[in-house]
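Just so it is clear: chains get the letters A, B, ... in the order the sequence lines come, proteins before strands, and each one is counted from 1.
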Amino acid sequence: MLKRTMLLLVVTAIVLTALIGCTPRQTNTGKGEVVVYSARNESFVLPLLNSFEQQTGIKVRLLTGNETLVNKILEERNNVQADVFLSNDAGALEYLRLAEALSSNQSPALKIIDETYRADDGSWVGLSARTRVLIYNKDLISEEEMPKTLWELTDPKWSGQFMITRGGNGSMVAHVAALRAVWGDDKTTEWIGAVRKNAGAVVNGHGDIRRSVGAGEYAFGLVNNYYFHQQLSEPTNNNVGAIYPDQGEQGIGAFVNAAGVGLLNGGPNRSNAVALIDFLLQPDQQRAFAYTSMEVPLNPSVESNPIARPISEYTTMAVRLQDIGAMWADAKALIERGGLDLDLGQ
Amino acid sequence: MTSDNKAAITPATTRHNPWVRLWCGKPPSLFLLGIATAVTAVMAIPIIYVLIQGVQADPARWRLLLDQRIPALLQRSLGLAVTVTSLALLVGAPLAWLVTRTDLPGRDVWHWLLALPMVIPPYVGAMTYIIVFGPRGLMWRSFGSTFLDVYSFTGVSLVLASFTFPYVFLLASSSLRRMNRNYEEAAAVAGLSPAQALLRVTLPLLRPALGAGALLVALYVLADFGAVNMLRYSTFTTAIFYQIGSFDQSSAAILSVVLVSLTVLLLYLENRAKAGVRYSSVRGTWHCRQPVRLGKLKPLAMAFVTTVFLFTAVLPLAVLIFWSVTGIANGALDQRFFGFALNSFVTAGAAALIAGILALPVVYLRRRHPGAVSAFLNRLSYTGYSLPGVIVALGMIFLFNNYVRFLYGTAFMLILAYVVRFMPQSLQATETALSQVPPQLEEAAQSLGFSPGRVLRRVTAPLAVPGVMAGVSFVFVSALKELPATLLLRPAGMDTLAVRIWIEASEAFYHSAAPAALLIVLLSILPLKWMLSKY
């Protein structure tokens with residue numbers, strides 16, 4: 001009797017968990033599902049994915065994470081879980097493509113984006129541009145006083161006055177990878193070491209920087225331009241400006257990265273994944289995407305949020321995004337060598 | 001312990017069989033032994049696997065970490081653990097004495113009011129402290145000063161101590177209540193002043209309880225991820241979390257080995273401290289005695305108790321309620337919220353149920369068939385106890401991604417992690433419940449002709465069920481609150497309430513985070529009531 005009761009309980013437990021374990025895999029619409037790994041801020045992604053769900057009936061399963069999803073994707077290469085990767089950074093996408101974690105995509109919809117901002121095989125495509133700028137608090141520092149080049153951040157006179165993100169932040173990694181291409185390894189390592197020493201705070205993400213600079217905790221910080229736009233749109237603490245660094249004839253130019261989407265190799269729902277990428281490239285979605293995140297759409301026919309400065313108005317760094325991919329993993333090692341930890345509190 | 005007399009009538013020949021002797025004459029059926037062994041294996045394998053991976057990791061990696069990370073992390077982790085534990089003792093022990101031994105007004109109410117901070121998960125507590133004392137928090141906006149830098153060592157220590165001191169408080173007051181007061185009376189008769197009696201009699205008698213409470217607090221601090229990380233501090237646990245996040249698994253495994261060694265060392269030291277002193281106390285002579293009169297010190301004592309309560313319960317709860325109201329007014333309780341709540345309930349519920357069921361064969365084996373084997377299996381099942389969720393998660397990722405691929409990325413992986421982590425709570429409750437069933441009742445039933453199965457159904461089970469259910473509810477609440485393993489193991493599209501609190505709080509969307517946090521706190525009150533009746 002005891003045996004039978006226990007056996008019954010154990011079997012019930014196993015069946016129950018197996019059922020629960022499998023439920024997320026089943027879908028009720030019949031159109032199937034698509035699994036999205038996203039390193040992007042969830043509040044920008046969710047409205048788009050919701051309208052995709054409504055229009056197509058395809059269920060979207062979203063996992064919001066950060067740039068470490070790149071590693072998760074590589075780790076899962078023999079057991080692919082996701083179909084699509086929404087990245088903040090073209091460098092990470094190209095890195096995945098070189099590792100053969102992405103699959104080529106022949107969809108004609110991709111043609112709408114200039115070929116500088118997508119992979120030759122279509123495995124990833126850029127959706128919006130993000131420029132690295134210095135956000136500053138106008139109450140604490142004037143435009144004239146602000147440093148105009150990134151190299152100036154190594155000057156001890158800025159000690160304790162500005163904020164940067166941790167070294168592992170996707171935008172930071174790509175930025176360093178681009179600087180390597182221009183400055184070479186030694187100068188870049190030196191820059192990282194000095195900036196780390198001067199920084200008043202090293203924080204997890206750019207959201208922390210814009211809020212703290214807006215509130216006057218620090219005079220300025222290194223962010224992507226749309227964080228400046230977001231802070232500008234806040235009801236309070238919005239007296240902020242932005243410096244596009246390294247302008248002028250001698251300047252190396254501001255670094256422009258692209259946020260984009262990659263098609264994963266061997267994902268469980270390939271056709272739905274292609275449908276989602278096509279959807280994200282529609283002008284309507286591009287506009288919605290750029291307006292809410294305040295980035296600049298890469299599709300030239302889509303108008304950007306009026307608050308954002310178009311790319312054509314400033315000098316940009318002459319580095320092709322494709323070239324960053326190969327340097328991406330190396331850049332992380334270089335950042336650590338320079339003395340900036342990839343993660344907070346190391 | 002023996003509940004039937006089969007051993008006595010076993011023929012002499014089998015009694016000399018080594019297998020039978022191993023079980024003190026009562027070998028279990030192979031079926032029961034098989035199930036208990038399987039359960040134990042599931043509990044222990046993930047962690048043992050991590051440790052093996054760590055020990056076998058590339059020596060160059062070891063050297064790199066030993067040179068750079070490990071000394072700093074040791075200093076930070078131990079520094080925090082020692083500081084928080086000291087704070088918890090300094091606050092918890094005097095409170096316990098005030099509430100149990102003095103004429104403090106309203107002391108019965110204080111007994112459960114001061115246990116209340118325990119239901120607030122430290123990461124939720126940390127969020128409320130950031131809201132109030134953050135660089136641009138309520139204090140700064142109202143008074144132009146934050147009064148406390150939450151992102152400092154002091155800040156982290158205070159926040160963690162605020163939500164862990166009840167462990168010391170509860171264990172100490174329980175011990176004070178049960179303590180035989182004759183010793184204190186003898187001290188008074190011998191001419192010791194009340195203060196001297198407190199220091200020389202009561203405090204030494206309280207040492208085991210304080211030691212156990214301190215151990216719980218220290219283990220908690222070493223294992224905590226959420227609060228420590230929210231307050232921008234770092235310990236072994238947060239470092240391991242980030243290493244897993246960046247899939248540097250060999251570094252994560254190496255750091256895990258160090259952290260586990262630290263935990264084992266703590267357990268060993270506490271055990272030794274206990275073993276060094278022998279206490280024998282005669283019970284049953286307890287009688288009512290006048291409480292210590294606080295006299296002029298009463299206002300001071302009241303101020304102390306009220307201040308602690310204000311900062312550890314009123315403040316966080318008020319903040320949560322305020323932001324929940326704001327959030328709900330803005331429609332935070334939408335369909336998504338209920339989806340997250342459902343995910344939480346399903347995963348935590350399944351884990352609790354499984355932990356409840358799986359505990360039965362292990363405990364049953366140990367109780368009915370005592371011996372070296374059952375004791376060993378029982379010990380092994382406690383592996384998940386006191387180990388951080390991050391290490392359990394690491395074990396799950398290792399095992400499932402390499403050997404059980406079809407279940408990788410499903411909720412099953414998460415549920416199993418909860419079971420491994422929290423099963424000891426269920427084991428403990430089940431063990432207590434079964435040990436409280438008097439064997440005489442079972443023997444009486446058997447002598448009246450009941451079959452063993454019928455005894456179990458009609459006598460043992462009805463008496464033990466409440467205790468077993470208490471264990472199930474403990475596991476449920478613990479799983480509901482669990483953060484790091486959930487963050488690492490949740491399948492795509494299956495965020496839980498704890499995960500949402502984390503995501504929303506990191507974006508400073510407190511109105512979205514608060515309702516979920518409040519719900520978790522309210523659900524945690526249920527097992528607290530049960531615990532308070534026990535202590």
Exercise. How long is the span from the CG atom in B/Leu32 to the NE2 atom in B/His369, to the nearest 0.5 Å?
Worked result: 5.5 Å
For this session: Heavy-atom distances under 4.5 Å only: say whether B/Arg141 touches chain A with side chain, backbone, both or neither.
Result: neither
Seminar exercise, completed: Cut-off 4.5 Å, heavy atoms of chain B, and the answer for A/Asn66 is neither
For this session: Please flag which part of A/Asn237 lies under 4.5 Å from any non-hydrogen atom of chain B: side chain, backbone, both or neither.
Result: neither
Exercise. If you look only at pairs with a residue in residues 353-362 of chain B, which of them pass as a salt bridge (charged side-chain N to carboxylate O under 4.0 Å, His left out), with sequence neighbours excluded?
Worked result: none
Problem set entry | SB check B/Glu504 B/Arg336 (cutoff 4.0 Å) | no
For this session: For each of A/Asn41, A/Leu74, A/Val36, A/Val70, tally heavy-atom pairs with chain B at distances under 4.5 Å, and name the one with the top tally.
Result: A/Asn41
For this session: Indicate, with yes or no, if the rings of A/Tyr37 and A/Phe85 have centres closer together than 6.0 Å.
Result: no
For this session: Taking the side chain as every heavy atom from C-beta outward, state whether A/Lys59 and A/Glu53 have any pair of such atoms under 4.5 Å apart.
Result: yes
Problem set entry | Plane angle bin for A/Phe162 and A/Phe220 - parallel if under 30°, tilted between 30 and 60°, otherwise perpendicular | parallel
Exercise. Between A/Leu46 and chain B, which part of the residue has a heavy atom less than 4.5 Å away: side chain, backbone, both or neither?
Worked result: side chain
For this session: Give, as side chain, backbone, both or neither, the part of B/Asn343 having an atom under 4.5 angstrom from any heavy atom of chain A.
Result: neither
Problem set entry | Closest-packed option against chain B by number of heavy-atom pairs under 4.5 Å, given A/Asn78, A/Val60, A/Leu62 | A/Leu62
